[in-house]
Each structure stands twice: as C-alpha cells, then as structure tokens.
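Some notes on the structure that comes next.
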Amino acid sequence: MINVPKGTKDVLPNQSYKWQFVENTAREVARVFNLSEIRTPVLEYTELFKRGVGETTDVVNKEMYTFEDKGGRSVTLKPEGTAGAARLFIENGLASSPMPVKTYYITPAFRYERPQAGRLREFHQFGIEIFGSKAYETDAEVIFAASSFLNKLGVKSRLEINSIGCKTCRAEYNRALKNYFAPHLNDMCASCRSRYDKNPLRMLDCKEDCCKKFTKDAPAITDYLCEECAGHFDGVKKLLSEQDLKYTVNPRIVRGLDYYSKTVFEFVTDAIGAQGTVCGGGRYDGLIEELGGAPMPAIGFAAGIERLLILMENTDAPFPDEDKPLIYIAGLDEKSRAAAFGAVTQLRLKGVRAELDHMSRSVKAQFKYADKLGVKYVAAIGENELSSGEVNIKNMKDGTQEKVKLENIYAYLTAKEKI
Ligand code: ATP
Ligand code: MG
C-alpha cells in the first residue's frame with residue numbers, strides 16, 4: 001500500500017465541511033475588510049525565497065522543498081505566502097494602482113520540518129497583505145482582521161505585539177544585543193553563533209533551551225526605538241486600546257522571517273504545545289525593495305489553518321452542522337425509480353441538496369440509508385404515487401407527513417426551509 005507522504009494529510013469527505021467553514025469565514029472577513037483574493041503558483045524560483053524570506057531564517061536554511069526542474073532551474077515549493085504576493089505585486093505593476101492594494105490568499109505551504117501536532121510538511125495558511133500604506137492605522141486594521149477571523153471561529157488566543165524598529169534603531173539595538181550575548185556565545189547553539197554575526201535579532205527567536213536561558217534577560221528592543229518607530233508603535237497601541245482589543249507587549253517577538261520592520265504580532269495559545277502560534281504577522285517595509293521593486297511599505301499576517309482546526313475541535317460548539325441532503329426520494333421499481341431520478345434532478349437544478357438510490361437497495365434499506373445520511377425529508381415513489389401524481393413527504397425530525405404533488409415538491413420545501 002502506498003501511503004500519504006510523511007507530514008502531509010488527507011481531508012476526508014466527512015471532514016471537509018470543517019475546512020470549508022474556516023475558508024468561508026476567512027473569505028467573509030476578507031470581504032468586510034475590503035481585501036481581494038490573489039493566487040500565486042505553488043512553485044517559485046528559489047531565489048525569491050532566499051531574498052524574500054532571508055538566508056538567516058530556519059525556513060530558508062533547513063525547511064525548503066527545493067529541487068531542479070527538468071530545465072535545470074532551481075525551484076521551491078512555497079514555504080509561505082508573502083514572498084509570492086510581493087513578487088506578484090512587483091511583476092504586475094500594482095504599484096501604479098490606487099493605494100493601498102489590499103489582498104488576501106488561502107494557500108498550501110511546504111516546509112521540511114519534524115511533523116508533530118500542528119506542525120506539518122504541507123500545511124495551509126490564510127493570509128492578508130496590504131501594500132502601500134505606512135500609516136499605523138493599517139497595522140491596527142491588519143491586527144483587527146486577524147482578531148476578527150479568530151473570534152468568528154471561536155478560537156481563544158492572546159495577542160502579543162512588539163515593534164522591531166527600522167534600520168536605524170535596529171543598528172543600535174543589534175550592538176546592544178551583541179554586547180549582551182558576547183560572553184555567553186560559547187554556551188549557545190551553532191545557529192545562534194552564526195546569527196550573532198549575520199542577524200543577532202534572530203537569536204531571540206531561538207527555540208533551543210541552551211539559548212533560551214540567555215535570551216530571556218536580553219535587552220528589549222522597545223527601549224531602543226527611534227522617535228518615529230516609537231510614535232508608530234504608540235499609535236497602534238492606542239487604536240487597539242480604543243477598540244478594546246486586549247494585547248500584551250512582548251519584546252521577545254521578532255518573528256521567524258527576515259523582512260519584518262516596526263510592528264510584529266502573534267496570536268498565541270497554550271493548547272498545542274510548542275505549536276502555540278496560530279497567527280503571526282507584521283510590517284515588512286523593506287521587502288518590496290529587497291525584491292527589486294520601488295520602495296513600498298507593506299504589512300500582513302498568516303494564520304495556520306491546521307492549528308486553528310485543532311483548537312476548534314477542542315471547543316464546545318466548534319463547527320456549524322455538517323451540510324446534509326435536505327431530501328431523499330426513494331423509488332420502488334424501475335418506472336418509479338426513473339420518476340425519483342426526475343424529481344431529484346429537478347430539485348438539484350433549482351439548488352436543493354437532494355439524494356436518491358445508487359445501490360439498487362430495497363425501499364426499506366433506502367430509508368435506513370436516508371436516515372444515516374441525516375436527511376430531513378423522505379419521500380417514496382411507487383405505482384400508487386405514479387398514478388396519483390402525489391407523494392407522501394415525511395419529516396424525519398418530527399415524524400409529520402404531508403401529501404404533495406410531484407411537481408410541487410420544490411414549492412413545498414421552499415415554503416418550509418431556507419434554500
Ligand atoms: P513556528 O514558530 O511555530 O515554527 P513560524 O514562525 O515558522 O511558526 P510563520 O512562518 O509565521 O510560522 O507562519 C504563520 C503561521 O503558519 C504560524 O503561526 C502557524 O500557525 C502556521 N505554520 C507555520 N509552520 C507550520 C507548519 N509546519 N505546520 C502547520 N502550521 C504551520
Ligand atoms: Mg517555523
């Protein structure tokens with residue numbers, strides 16, 4: 001038997017309604033925040049992620065699915081959505097459209113990681129990216145979009161925010177970090193020793209225990225922000241507070257990806273072990289220029305759908321009811337089965353989720369099957385019904401029955417149900 005590849009998962013027919021609920025919720029949030037969908041390829045040239053995600057990140061260093069295609073080009077399965085969105089923005093000249101350009105995506109992403117609960121090799125993200133605004137209002141809007149998405153799903157999490165400043169304030173902060181870490185460097189992991197030279201800020205994001213004991217007392221970036229960055233961060237915090245969105249400032253959040261600046265944030269839970277971050281985002285004012293576009297501020301977030309689904313399974317009323325057929329129409333013999341086929345087809349053409357027999361079952365077995373499907377109404381067509389042109393429609397929930405003309409089944413259902 002051939003299995004699904006390690007770290008990937010199937011979505012089964014009786015589970016997909018949960019995914020659809022999350023995706024529909026994402027689209028509804030995107031609609032009210034006035035975001036338009038973008039779709040980018042699953043494959044990009046490897047260079048995009050090396051430059052766009054950053055060579056000092058775990059994603060680029062250890063986690064990418066990179067291979068040569070038959071033409072000898074190095075391509076990579078997208079490990080996240082932002083770099084592709086930025087490429088799309090530059091390549092399609094969206095810089096000349098009215099600003100800001102507000103986008104969202106729902107995409108699979110691939111990272112070669114050690115699979116655990118909430119950590120897969122193929123996972124899915126709902127993300128938004130807003131290009132062209134440097135206003136702190138946009139940061140607050142993006143945080144609100146994430147928060148509103150999580151609330152609609154019934155997922156409880158806490159919001160942690162930070163500012164990692166701009167090039168100016170970070171230069172000074174990096175010096176302070178280096179001074180602080182220098183005496184401990186020999187006791188820290190190899191990655192951190194190399195981050196020390198290339199990007200000391202990333203040392204704060206290290207998950208190794210030997211490093212965590214030093215990072216917890218490291219200087220806080222919030223003490224080093226320049227006037228502009230401090231003002232921007234104050235603006236974000238003010239808007240969040242005014243709208244009663246609770247947050248804590250966590251100066252250890254730097255985000256795993258290199259392109260962030262100013263505001264960064266995470267929505268965190270304690271429910272999935274080390275996989276507690278369900279949504280992460282921030283401002284990345286340097287990315288578009290890094291990828292060859294004209295300087296362009298931008299901000300976004302990405303939420304991991306698998307992690308959300310795990311959290312939703314653990315709440316009391318996580319999902320709306322599974323979508324079930326509204327009506328099942330049984331046929332007794334060949335002629336009445338054809339009539340059932342006709343009735344069901346006409347209902348379907350009018351938008352009713354309807355079902356009939358595919359397995360040559362007896363009428364009794366058909367009723368049993370209809371019950372298993374969880375349909376609300378059942379009708380059976382036999383010789384009598386064919387000659388009278390009327391069927392008995394039984395409401396399985398309350399046991400009531402009514403005689404209805406074959407051609408009036410749709411009208412009968414729409415009078416009773418929202419279709
Ligand atoms: P982590 O610290 O858990 O590795 P990350 O910082 O690498 O997360 P991001 O790159 O910010 O994650 O991706 C955004 C979101 O995508 C995460 O908050 C998480 O919900 C989800 N995510 C990231 N990697 C995985 C994965 N391997 N499997 C499932 N979901 C993931
Ligand atoms: Mg990661």
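Keep in mind that this is a model prediction, so the values were computed, not measured. Start at 1 and go down the list; that is how both ligands and their atoms are numbered.
- Against a heavy-atom cut-off of under 4.0 Å, Q125 is close to the following atoms of ligand 1: 13 (O), 14 (C), 15 (C), 16 (O).
- Only the backbone of C279 comes within 4.0 Å of ligand 1, counting heavy atoms alone; no side-chain atom from C-beta on gets that close.
- Salt-bridge check for E80 with K78: failed, with every basic side-chain N at 4.0 Å or more from each acidic carboxylate O.
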* Working for ring pair (Phe, Tyr, Trp, His ring centres under 6.0 Å), residues Y247 and F265 -> CA-CA 10 Å; Y247 63 84; F265 62 91; over 10 Å; no
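- Contact annotation: for R111 versus ligand 1, heavy atoms closer than 4.0 Å belong to the side chain alone.
- Heavy-atom proximity to K207, at under 4.0 Å, picks out these atoms of ligand 1: 2 (O).
- For atom 8 (O) of ligand 1, the nearest protein heavy atom (residue, atom name, distance) is R307 NH1, 4.3 Å.
- For the pair Y104 and R27, the minimum side-chain heavy-atom distance is below 4.5 Å.
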* Asked: Does the side-chain contact (heavy atoms from CB on, under 4.5 Å) test come out yes or no for F149 and L308, once each step is laid out?
  -> CA-CA 11 Å; F149 175 56; L308 294 171; 3.5 Å; yes
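- For atom 27 (N) of ligand 1, the closest heavy atom belonging to the protein is E113 OE2, 2.6 Å.
- The N/O atoms of Q275, backbone and side chain alike, include none that comes under 3.5 Å of an N/O atom in ligand 1.
- Classification of K262 and D139 as a salt-bridged pair fails, no side-chain N sitting under 4.0 Å from a carboxylate O.
- Between K18 and E313 a salt bridge is recorded (basic side-chain N to carboxylate O distance below 4.0 Å).
- Contact atoms of ligand 1 toward V278: 18 (O), 20 (O) (distance under 4.0 Å to a heavy atom of the residue).
- In terms of protein heavy atoms, atom 4 (O) of ligand 1 is closest to R119 NH1, 2.8 Å.
- Of the heavy atoms in R255, only side-chain atoms (C-beta onward) come closer than 4.0 Å to ligand 1.
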* To do: Mind running side-chain contact (heavy atoms from CB on, under 4.5 Å) on F181 and T215 for me, showing each step along the way?
  => CA-CA 8 Å; F181 281 125; T215 54; 3.8 Å; yes
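- Atom 20 (O) of ligand 1 has its closest protein heavy atom at T277 O, 3.0 Å.
- For the residue pair D398 and T400, a side-chain donor N or O sits within less than 3.5 Å of a side-chain acceptor on the partner.
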* **Step-by-step side-chain contact (heavy atoms from CB on, under 4.5 Å) determination, L413 to L326** => CA-CA 9 Å; L413 292 175; L326 184 63; 4.3 Å; yes
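- Within ligand 1, counting atoms from 1 as listed, the ones closer than 4.0 Å to a heavy atom of L120 are 26 (C), 27 (N), 28 (N), 29 (C).
- For ligand 1, the polar-atom distance check finds an N/O of G304 within less than 3.5 Å of one of the ligand's N/O atoms.
- Heavy-atom proximity to atom 26 (C) of ligand 1, evaluated over F123, Y260, F301, is greatest for F123.
- Ligand 1 lies out of reach of E306, whose nearest heavy atom is not under 4.0 Å from it.
- Between W19 and H124 the shortest side-chain heavy-atom distance falls below 4.5 Å.
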